[in-house]
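Working notes, structure below.
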Amino acid sequence: MAEHTDLGKKGENLAVDYLIKAKYKILERNYRFDKAEVDIIAQKDGVLAIIEVKTRSSLDFGNPQDFVKPKQIKNLVKAVNEYVTELNIEDEVRFDIIGIVKKGSTYSIEHLKNAFYHF
């Protein structure tokens, strides 16, 4: 497996651990619909949190959260609309980003709630 793929999987695992410690219930990982993949779908306090995880080995090219592009957002929204409709979910939906940066042998985690809005 490529190094960046390993880093991405590690980041997703760290994000799940972080969310569980923050009392989120993990409903789905890597939910796919059409051209989109939703990294994590979690629930807490009546909110359905749609979480995109971005992991980087450095900040040389910017913050991880800066790499979520409009086309990706559009695809995520489409996938989430399908998920919510399919399961008849009535919770408020929020789109978050968890940015993870590897610093030597440690990782820093930043959870941005309401990171973008569907349009």
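- By the neighbour-count criterion of 12 heavy atoms within 6.0 Å, atom CD of Glu86 is densely surrounded, having more than that number from other residues, nucleotides or ligands.
- Considering all non-hydrogen atoms of both residues, Asn81 and Thr85 come closest at O-OG1, 2.8 Å.
- Partners of Ile20 according to the side chain to side chain contact (heavy atoms under 4.5 Å, CB included) rule, which considers only residues two or more places apart in sequence or in another chain, are Val16, Ile26.
- A side-chain donor-acceptor contact under 3.5 Å links Thr106 to the backbone of Lys103.
- Using a 4.5 Å heavy-atom cutoff, the side chains of Asp91 and Gln43 are in contact.
- The local environment of NZ in Lys44 is crowded, with over 12 non-hydrogen atoms from other residues, nucleotides or ligands closer than 6.0 Å.
- Between Asn30 and Glu28 there is no side-chain heavy-atom pair separated by less than 4.5 Å.
- In this structure, the separation between CG on Leu14 and CD1 on Ile109 is 5.0 Å, given to the nearest 0.5 Å.
- Contact of the Asp96 side chain with the Glu52 side chain is not registered, since no non-hydrogen atoms from C-beta on lie closer than 4.5 Å.
- When only modelled atom types and interatomic distance are considered, Glu37 and Asn75 share no side-chain donor-acceptor pair under 3.5 Å.
- The existence of a salt bridge linking Arg94 and Glu92 is excluded, since no basic side-chain nitrogen approaches an acidic carboxylate oxygen closer than 4.0 Å.
- Between Tyr83 and Tyr31, the distance from one ring center to the other falls under 6.0 angstrom.
- Once rounded to the nearest 0.5 Å, the distance linking CD of Glu12 with CD1 of Ile100 reads 8.5 Å.
- Proximity of Ile41 to Ile51: side-chain heavy atoms (C-beta onward) are nowhere separated by under 4.5 Å.
- Linking Ile, Leu, Val, Met, Phe, Trp and Tyr whenever their side-chain heavy atoms come within less than 4.5 Å leaves Val47 and Val93 in two separate clusters.
- No side-chain heavy atom of Val53 sits less than 4.5 Å from a side-chain heavy atom of Ile97.
- For the atom pair Tyr107 OH and Asp17 CG, the distance stands at 12.0 Å (nearest 0.5 Å).
- Distance alone, capped at 3.5 Å, places no donor-acceptor pair between the Lys78 side chain and the Phe33 backbone.
- At a threshold of 4.0 Å, the pair Arg29-Asp39 does not count as salt-bridged, since none of the basic side-chain nitrogens sits closer than that to a carboxylate oxygen.
- Note: Glu82 CD to Leu87 CG = 9.0 Å, rounded to the nearest 0.5 Å.
- Across Ala15 and Ile40, no two heavy atoms sit closer than the pair CB-CD1, 3.9 Å.
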